[in-house]
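In the text below, chain A, chain B and the rest are named by the order of the sequence lines, each starting its count at 1.
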Protein chains: 2
Amino acid sequence: MPKSQKNALSAQDWAEAALEAIGRRGVEGVAVEPLARELGVTKGSFYWHFTNRDALLTAALARWEARETDEVLARVQQETDPRARIKRLVTEVNTSRRASRIYTALSSATKPSFVREYVERVSQRRLQFLVDCYAALGLGPERARQWALQTYSVFLGSLQIRRDLPDEWPAADDPAFADYVRFLMVSLLPPEARTEDNEHNGGTTADTPAPDPQAVAQSR
Amino acid sequence: MPKSQKNALSAQDWAEAALEAIGRRGVEGVAVEPLARELGVTKGSFYWHFTNRDALLTAALARWEARETDEVLARVQQETDPRARIKRLVTEVNTSRRASRIYTALSSATKPSFVREYVERVSQRRLQFLVDCYAALGLGPERARQWALQTYSVFLGSLQIRRDLPDEWPAADDPAFADYVRFLMVSLLPPEARTEDNEHNGGTTADTPAPDPQAVAQSR
DNA sequence: CGTTGTCCATACGCCGCCGTATTGACAGGG
DNA sequence: CCCTGTCAATACGGCGGCGTATGGACAACG
């Protein structure tokens with residue numbers, strides 16, 4: 001069974017290109033022939049790797065779901081203190097313009113109906129993660145849910161504002177950005193847990209030894 | 001110049017149908033022939049009222065912009081107290097599922113490039129309205145902007161959550177909804193202005209005599 | 001009763017995309 | 001060598017949507 005016979009494309013390459021197209025042109029913009037042109041090949045290649053366009057979309061969605069749940073949450077979970085985790089999630093909004101474009105594109109997509117399932121699962125896991133964070137701060141289930149919904153709203157709304165009003169949003173390197181994040185954390189943490197305004201610990205669970213491997217920047 | 005010769009369609013009818021299609025199938029879903037079928041006519045009718053598809057989209061967008069700025073803000077401005085206005089804006093999220101679907105569809109649209117201009121103007125005016133509300137509470141420009149950004153994020157994020165996780169969002173008639181709104185208002189009002197947790201006044205500007213004409217419900 | 005202007009139906013050519021069928025290049029393994 | 005399996009180019013039919021061209025139908029008005 002021979003393998004790479006030169007510059008052979010893989011199904012993963014197609015799925016990644018599909019994700020890129022989703023971010024730039026929306027789900028409807030994932031068309032086989034234009035994608036093939038961008039990859040420097042023709043449809044003949046595509047229909048060897050996939051049975052049809054829907055199969056490509058499912059592959060892309062599976063990739064997206066993996067990245068937006070396991071990987072991101074694993075990164076955030078390096079922070080052990082719930083406050084630091086929450087702050088980390090809020091700042092993660094500014095990590096990738098591309099990721100936010102893909103999310104909003106998928107969220108507003110309707111045509112391949114199975115897209116909604118993926119969006120729902122990813123959102124569900126993100127929200128549950130926040131609920132757990134607030135529960136770890138000692139809040140009851142109802143209160144934790146309310147705080148989590150509020151924080152997740154800010155998270156999603158920030159994505160939207162960055163897209164609709166890019167001029168109103170401070171760049172990640174702008175000092176106003178750090179100011180705004182500090183401001184947000186005051187509203188997004190219950191008063192009992194508001195011991196520090198920075199990513200230091202407070203004493204509810206554990207310490208925060210993570211050296212912040214993935215930084216905030218890379219935006220714009 | 002004869003006018004209505006029976007059940008004649010107007011350009012407004014087409015624009016309204018286009019808006020409906022945007023909400024249900026996205027901007028790409030605004031196709032002339034399917035729309036004509038839904039209206040019980042053929043393309044011949046359309047190309048009498050409009051020169052092409054882009055003209056229809058601009059008409060629909062103009063309609064949308066008028067409704068989402070002047071009309072909504074005029075309604076909210078019936079509240080004279082800034083706190084009541086802010087609360088009103090937050091609860092208005094739940095007035096119309098249709099309006100939120102149209103907004104997210106437009107926000108994620110890319111293909112007719114002029115769509116972005118409309119979205120930007122509407123977002124700009126909404127945010128500015130919030131900035132004015134917080135300025136009326138006595139905050140300085142920088143603080144008012146931070147509070148407004150936070151509130152607008154919650155506003156937009158709530159739209160998104162209602163769409164992505166409909167089961168996690170309390171219905172407008174659910175008592176949990178009123179609970180959540182009260183909870184939000186605590187975080188969304190600066191401490192100095194947090195005199196009441198309800199829609200009563202506090203004494204910064206004037207009273208709140210509006211009899212709440214458009215209620216919250218109609219959701220789901 | 002013809003004329004004029006409004007509103008719509010029908011028919012056509014075009015283009016972009018989907019999916020299939022067929023053929024071909026090219027690498028390894030026997 | 002040839003044979004098999006991998007990856008891709010080409011060619012084709014079909015469909016749905018856009019825009020045009022033309023020809024009514026039908027009211028109002030003289």
Spacing between B:F46 atom CZ and D:dT20 atom P, to the nearest angstrom: 11 Å

What parts of residues 47-54 of chain A reach DNA chain D, counting only heavy atoms under 4.0 Å away? A:W48, A:H49

Which residue pairs satisfy the side-chain hydrogen bond (donor to acceptor under 3.5 Å, both in side chains) criterion with at least one member in residues 51-61 of chain A, sequence neighbours excluded? none

Please indicate whether A:E142 has more than 12 foreign heavy atoms, meaning atoms of other residues, nucleotides or ligands, lying under 6.0 Å from its CD. no

Centroid-centroid under 6.0 Å between B:Y180 and B:W169 rings: yes

When B:R125, B:R63, B:R75, B:R121 are each screened for salt bridge (charged side-chain N to carboxylate O under 4.0 Å, His left out) with B:D70, the one that passes is B:R125

Should A:E16 and A:R67 count as an ion pair when the cut-off is N to O under 4.0 Å? yes

Using atom NZ of B:K111 as one end and atom P of C:dG16 as the other, report the distance to the nearest whole Å. 12 Å

Where each residue is assigned the nucleotide of DNA chain C containing its nearest heavy atom, which of A:P34 and A:G44 is assigned the position nearer the 5′ end? A:P34

Whole-Å distance, B:L57 CG to D:dG17 C1', equals 14 Å

Measure from CD on B:E33 to P on C:dA9 and round the result to the nearest Å. 13 Å

Can you check the B:E28 CD to C:dG16 C1' distance for me, whole Å? 13 Å

Mind checking ring pair (Phe, Tyr, Trp, His ring centres under 6.0 Å) for A:Y103 and listing every partner two or more places apart, or none if nothing turns up? none

To the nearest Å, give me how far apart CZ (A:R25) and P (C:dC17) are. 9 Å

So, does A:R37 get its side chain near the phosphate of C:dC17, meaning an N or O under 4.0 Å from OP1 or OP2? yes

